[in-house]
Amino acid sequence: MLELPKAYDAKIAQSKWLKFWNEKGYFHADPAKPGEPYAIVIPPPNVTGALHMGHALNNTLQDVLIRWRRMQGYNALWMPGTDHAGIATQAVVERLIFNTEKKTRRDLGRDALVEKIWQWKDKYEKRILGQLQEMGASCDWQRTRFTLDDTCAKAVRETFFRMFRDGYIYRGKRLVNWDAQLQTSVADDETYTEDTKGGFWTFKYPVVGQPETFIRFSTTRPETMLGDTALCVHPSDERYKHLIGQKVLQPLVNREIPIIADGLLADPELGTGCVKVTPAHDPNDYACWQRNPQIGILNILNPDGTINVNGGPYAGLARDKAREAVVKAMDELGLFEGKEDRVIPLKYSDRSKTPIEPYLSDQWFVKMSDFEPTPHRAGDVSPPSDADANRVTRGADAPRSEKPGLAQMAIDAVKDGRVQFFPKRYENSYLDWLGEKRDWCVSRQLWWGHRIPVWHARITCTTPHQVVASFFQDGLIEDLSLGSDNDVAVCKVVRSSDGELITDFVAEAKRVDDIVRKNEDQDTADVPLPEPVSYDIYICSLSDEWAKSHIPPVFTQDEDVLDTWFSSALWPHSTLGWPEETPELKRYYPTSTLVTSRDIITLWVARMVMTGLYNTGEVPFKHVVIHPKIMDGFGEGMSKSKGNGVDPLDIIELYGADAMRFGVVSLATETQDSRLPVSNVCPHCGTLIPQKKEHQSGRTRQIVCPGDKPAGVTCGKPFRPSGPWLDEDPELPTAKGASDRFEMGRNFANKLWNATRFILMNLEGYTNAPLDPKALPTEDRWILSRLATTAKAVTDALNAYRFSEVTRLVYDFAWNEFCDWYIEMSKGRRTDPACQRVLVGVLDGIVRLIGPVMPFLAESLWQALNEVAPTRGLLESKPAEESACIAAWPNDLGVFIDDTTEGSIARMQDLVRGVREIRNRYILDKTPLDLSVKCNDVVAMELNALAPFVKLLGGIATFACGPAVKKPKQSGSIVRPDFEAYVPLAGLIDNATESKKIEKEITQKQKLLDVTVAKLGNENFVKGAPPEVVEQQRNSLVELETQLKTLRANLAELQGT
RNA sequence: GGGCGUGUAACUCAACGGCUAGAGUGCCUCCCUUACAAGGAGGAAGUUGGGGGUUCGAAUCCCUCCACGCCCACCA
């Protein structure tokens, strides 16, 4: 017989089976092999980040699904990989280089910096993938991708090219969130808003031509006054009506600006009712300018956040200095009216933690709204003139134009069910966000990323002749194949002055000609020469090689890289080899399930659907599973700076990978958040000390391991709580974060380990044969029925992505039914072949059911079982699979389901529990005790059949049953109503206490009886409720009456009456 | 302001219109019974946030109030 160690050793199991699985190659998906495909692409973790509990949850859930489908016989692919995470990674490496070498990125240069980031990436990618492996993730590691690798780059290039060609990508001036520190634009979602101490200044501008007339306005950002191009009031505001159309003087830069009326911008209730308009530095003002283009737009900032030449005398000043100077100057002019301190919500950049500056700059956009793209020609390489139209038609339910745009395509896919969300409510965030159809700014002023494959030149023509010469006679455009079917490059030409896309060059040449001719016709000596005309020429090329040999040197490649999400958006098809028609793409696309968290539903999920549909015509995945976010015990997000984070690797170290996985799967409910109370682990003795709020964010410098516990349990030594510490402190070691919630999984693993150990020790002479339920004793039928019911429930839960239910179901069945009851009952039947087969068969089933969640444990038990019982099976006898990874999922056990037997055993359990309660409450010594039990015929038969139960009563009671047991006439005996056992208790109990207890019970039962009587007396209930509910109420009425009778008799006996 | 969610035992969560609202942890009592003390047996502990309503029947559905969380928008 196989003798296993006394406890489950997670570490040994992990190293052993990881190696075994790798060697066997179970996780490699081969498109040539049979089986219904089931594919998941991993949400690629950021290469620079360490894995946190969110990753642990996210990846464990994917692994559960993949392992489960693999066991079901699917051809299962889990595609792993990492994300280059543009801004985050570059920022980290830049900071590192600055800290170590005191060099900025400009000192290094583009190539050197990118080279350094690649080195960094190689190192951290290895680490992060290794961590995933340690968690047991059964990814197809041979296929590991990176969003910047050649395969992905090819897909990115192809997508950009097609979008450029088809007019989905355009160049536009836009107000972007400018990070003046990193000197890049950042997306809305890469910013956060924080209440910040600021001010609310009130100034006045003098009205031109009306001495002593001023108009007052307030602002939170005085420095932007340099860029004011108007003052704005509400059209119906009586106070200012007469001033609309007048001008005021901006005294600092000596510019006259108009007073305009705009009901959307000005709110008469707010401040003075008059607001300054700075289109280039405020999103609302920008919108106002779009409605009132005549006021003009003036950018006053340099990319580094200092004031530019438009700021006149303030040029060169940093923003805060400019603010001081402007206020001072206004004050000196007597135009400053006062300042109020105010807390202002200010946007910050997530990466550099510096304030965001709304900044006007040239960016590349992907058009989201509906339009009619004309391939190869009419791309919209201009600022959108339809901004207002967008606003009117926004919303997922807005009327559709003929040709749905990217956003609409993605909306439709969810609305018609091609993509389904679990839980369904998350569809809302997706649809609402896409419904806005806001264009997507895809350029980033970074070096780390996919470089934008567009070459640009500006050609300025001083004579119309030159235009013609440049465009036609030199043959430049023809060569570049504008409008032809060139599939390597596309060229677009834009008139610089107004951004008009030029598609008809003959017409354009004629237009310029006409202007010149008009000038010549005037025939005066001092005719001004025609204004020079400039054209911006953009060439997008699919291939760098082609670009090198074909694009004239006057063109330069765009310096920017693409938003990280651009490559992430392609992930489901790019990783499978698109645009090549690979076998993988054909077999696994569309993928099956995407598992992610709710905060990237818009950023990532929506964009994957869009690009998937655009590139392949098919949705990227059918199901989107959104799992909760893991919070600490106070419901707050985990973060490094708070120090309330838990490292999954520490959990693996402390409790094992199976326990970690079991824990996080248990947390995966359908709620938004899950709480995981965090403890500090004493670095000296390992005791877990629950984290308090004051321990967070470095507010507590020192914790002393509690000394009031027994010696040896805690050590009483001081340490530093887990937190944002930058340095090591030799005196005070820093605690790790952990959580005792993972004990549940560890204990469960050990329980199963020991159940297996017990079974394997008792398999002397084991042979296997199929089991016929009809020929088996009650308890065997019962446990097989419970196994079948559990297996079905687990399968249902997985199908519906109710993960926490999976762990709960298996835990309850394995521990509370199999171990606590069936194994105990089996102890009287050690050599019974049927019992051995049931033990092995049920254990085998449990191992399969827990396999997806606890793969290391499952494999350990599986291999042990294979040694002793290599041939097994409940319905047919066959050799077991060589690994739990590829063991068949139990889904054909329905024949064992037997409700009658489950009911009998449930009654028996009640009875046994009742006896145990009496023993525990009253019989503290081990005096053997005669216990007579009277029960009805059905129970009696069951009990006779289940004779070994007597042992469950503790081995000190005798157990008599049958129809004719008389109540012993013995003073001090007590009858428990729920099982009618007569227990002699003379001298063992305190009559007063017990009387009280019984009185309380009588009150409760009487109340319940009254309710039941009332119910049954209610005609509506008898008619309206389902018959089985009525029947059950009738039964419980009879039962309650008996119970009350018994209780009253007990009470009378106790009180000696 | 708009949307989504949460509130059940001391803590973390189940229960999704129907048996006396259940687990795990913690707490109390007993037990190292040869699978397991990372264990076994039992116990105490709940006005299901408050208030209305619908229903024969509500933790569950509706209304309302309170508290909390997340997302989006706005805040000169």
Side-chain angles (χ1 to χ4, degrees), chain A residues 4 6-8 188 200-202 217-221 224 232 265-267 270-278 282 284-285 342 344-345 425-426 428-429 432-433 436 598-599 601-602 629 631 633 635-637 655 659 666-667 669-677 690 739-741 743-744 746-762 804-805 808 811-812 816 819-820 823-824 827 913 916-921 923-926 951-955 1004-1005 1007-1008 1011-1012 1014-1026 1028-1030 1032-1033 1035-1036 1040:
Chain A
L4 297 176
K6 228 176 156 179
Y8 174 55
D188 284 341
F200 190 68
W201 287 265
T202 301
F217 59 91
S218 302
T219 178
T220 55
R221 300 175 60 209
T224 64
C232 176
L265 183 66
D267 177 355
L270 223 54
T272 66
C274 173
V275 55
K276 65 200 249 342
V277 187
T278 321
D282 182 279
N284 296 310
D285 295 2
R342 213 180 245 204
I344 294 162
R425 63 171 183 277
Y426 288 110
N428 291 334
S429 343
D432 288 352
W433 185 80
E436 302 244 334
R598 65 174 183 278
D599 45 350
I601 289 174
T602 55
K629 205 171 164 180
M631 307 297 211
E636 291 179 23
Y655 301 102
S666 306
L667 288 174
T669 59
E670 297 198 351
T671 53
Q672 279 195 156
D673 304 323
S674 291
R675 289 186 184 198
L676 183 68
S739 176
D740 56 12
R741 304 286 139 160
E743 283 178 11
M744 195 178 178
R746 180 199 56 184
N747 295 353
F748 183 49
N750 194 51
K751 186 73 182 178
L752 286 181
W753 173 266
N754 276 292
T756 305
R757 189 166 161 253
F758 171 79
I759 291 169
L760 295 184
M761 285 186 332
N762 290 287
S804 66
E805 215 174 295
R808 198 164 41 79
Y811 183 94
D812 286 350
N816 301 336
C819 291
D820 286 354
I823 290 187
E824 291 307 322
K827 283 180 178 169
R913 274 193 275 259
R916 286 169 176 172
E917 184 191 334
I918 296 256
R919 288 197 54 247
N920 261 303
R921 265 171 57 197
I923 308 164
L924 306 184
D925 60 18
K926 287 182 163 187
K951 291 219 163 77
L952 301 184
L953 298 173
Q1004 279 175 357
K1005 300 245 157 149
K1007 225 188 207 165
L1008 194 64
V1011 170
T1012 313
K1015 260 189 183 173
L1016 287 167
N1018 185 325
E1019 230 177 275
N1020 286 327
F1021 171 71
V1022 178
K1023 278 191 209 153
E1028 64 269 22
V1029 174
V1030 178
Q1032 164 215 313
Q1033 286 294 316
N1035 291 341
S1036 98
L1040 278 168

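Numbers restart at 1 for each chain; the letters A, B, ... are given by sequence-line order, proteins then strands.
The shortest side-chain heavy-atom distance between A/V1029 and A/F1021 falls under the 4.5 Å cut-off. Annotation: side chain of A/F217 is not in contact with side chain of A/V275 (no heavy-atom distance under 4.5 Å). At a threshold of 4.5 Å between non-hydrogen side-chain atoms, the residues A/M631 and A/E636 do not count as touching. Considering only heavy atoms from C-beta on, A/M744 comes within 4.5 Å of A/Y811 through its side chain. Proximity of A/R741 to A/L676: side-chain heavy atoms (C-beta onward) are separated by under 4.5 Å at one or more points.
The C1' atoms of B/A14 and B/G53 are separated by 28 Å, rounded to the nearest whole Å. Comparing the C1' positions of B/C11 and B/C27 gives an interatomic distance of 12 Å, to the nearest angstrom. The gap from the C1' atom of B/C4 to that of B/A58 amounts to 24 Å, rounded to the nearest Å. B/A9 and B/C36 have their C1' atoms separated by 29 Å, with the value rounded to a whole Å. Nucleotides B/G17 and B/G50 have their C1' atoms positioned 22 Å apart, rounded to a whole Å. Here, B/C28 and B/A45 have their C1' atoms 11 Å apart, quoted to the whole Å. If you take atom P in B/G22 and the same atom in B/A59, they sit 13 Å apart, rounded to whole Å. Distance check on atom P: B/C74 versus B/C16 gives 42 Å, rounded to whole Å.
In this structure, NZ of A/K6 is placed 5 Å from P of B/A37, rounded to the nearest angstrom. Look at OH on A/Y8: it is 17 Å from P on B/A37, rounded to the nearest Å. Regarding A/L1040, its CG atom lies at a distance of 14 Å from the P atom of B/C19, rounded to whole Å. The CG-C1' distance, from A/N428 to B/C4, rounds to 7 Å in whole Å. If you measure from atom CG of A/N754 to atom P of B/A37, you get 7 Å, rounded to the nearest angstrom. Taking atom NZ on A/K1005 and atom P on B/C19, their separation rounds to 17 Å, with Å as the unit. The distance between atom CD of A/E1028 and atom P of B/C56, rounded to the nearest whole Å, is 18 Å. When the P atom of B/C13 is taken as reference, atom CD of A/Q672 falls 13 Å away, rounded to whole Å.
The phosphate of B/C56 (OP1 or OP2) has no side-chain N or O of A/K1015 nearer than 4.0 angstrom. The side chain of A/N747 places an N or O atom within less than 4.0 Å of a non-bridging phosphate oxygen (OP1 or OP2) of B/G39. Applying the 4.0 Å criterion to OP1 and OP2 of B/A35, one finds that A/K827 has a side-chain N or O inside that range.
Among B/U20, B/A35, B/C36, the nucleotide with an atom closest to any side-chain atom of A/L1008 is B/U20. With distances taken from any side-chain atom of A/T671 to the nucleotides B/U6, B/A35, B/U20, the minimum falls on B/U6. Relative to the side chain of A/D432, the nucleotides B/U6, B/A35, B/G3 differ in distance, and B/G3 lies closest. Residue A/A1025 places its side chain closer to B/C56 than to any other of B/C56, B/G42, B/C75. Checking B/A35, B/C75, B/C36 against the side-chain heavy atoms of A/N284 singles out B/C75 as nearest. Nearest to the side-chain atoms of A/Q1033 among the listed nucleotides B/U20, B/C56, B/A38 stands B/U20. The A/A755 side chain lies nearest to B/A35 when the options are B/A35, B/G5, B/A14.
Heavy atoms of A/D673 sit under 4.0 angstrom from primed sugar atoms or phosphate atoms, though from no base atom. Note on A/K1023: nothing from the nucleic acid sits closer than 4.0 angstrom, heavy atoms only. Within 4.0 Å of A/S429, counting heavy atoms only, lies no atom of the nucleic acid at all. A/T669 comes within contact range of the sugar-phosphate backbone alone, with a heavy-atom separation under 4.0 Å but no base atom that close. At the heavy-atom level, A/G637 lies nowhere under 4.0 Å from the strands shown. Nucleic acid contact for A/K1007: none, since no nucleic acid atom lies under 4.0 Å from a heavy atom of the residue. Residue A/R741 is in base contact, counting any heavy-atom pair closer than 4.0 Å across all strands shown. Counting any heavy atom pair closer than 4.0 Å across all strands shown, A/C232 reaches no nucleic acid atom. Across all strands shown, A/R675 has heavy atoms under 4.0 Å from sugar-phosphate atoms exclusively, and none from any base. Residue contacts for A/P690: at a heavy-atom cut-off of 4.0 Å it reaches no nucleic acid atom on any strand shown.
Side-chain atoms of A/T224 never come within 3.5 Å of backbone atoms of A/T278 as a donor-acceptor pair (strictly under, hydrogens ignored). Between the side chain of A/N750 and the main chain of A/R746, no donor-acceptor pair closer than 3.5 Å is present. Judged by distance alone, with hydrogens and angles left aside, the side-chain atoms of A/N754 form no donor-acceptor pair with the main-chain N or O of A/R757 at under 3.5 Å.
RNA chain B is contacted by both A/T219 and A/T756; A/T756 maps to the nucleotide lying nearer its 5′ end (nearest heavy atom per residue). Between A/I823 and A/V275, the residue whose closest nucleotide on RNA chain B is further toward the 5' end is A/I823.
Base pairing analysis places B/A67 opposite B/U6; the two distances defining the Watson-Crick or G-U wobble pair are each below 3.5 Å. B/G42 and B/C28 make up a base pair, with Watson-Crick or G-U wobble contacts both under 3.5 Å. The pairing partner recorded for B/A73 is none, the criterion being a Watson-Crick or G-U wobble arrangement whose two distances lie under 3.5 angstrom. B/C13 and B/G22 make up a base pair, with Watson-Crick or G-U wobble contacts both under 3.5 Å. Remark: B/C61 base-pairs with B/G53. Criterion, Watson-Crick or G-U wobble with two distances under 3.5 Å.
Donor-acceptor pairing under 3.5 Å, judged by distance alone, is absent between the side chain of A/E805 and the base of B/A15. Under 3.5 Å, the side chain of A/K751 and the base of B/C36 form at least one donor-acceptor pair of N or O atoms.
The two residues A/S739 and A/P677 come nearest to each other via the heavy atoms OG-O, 2.7 Å.
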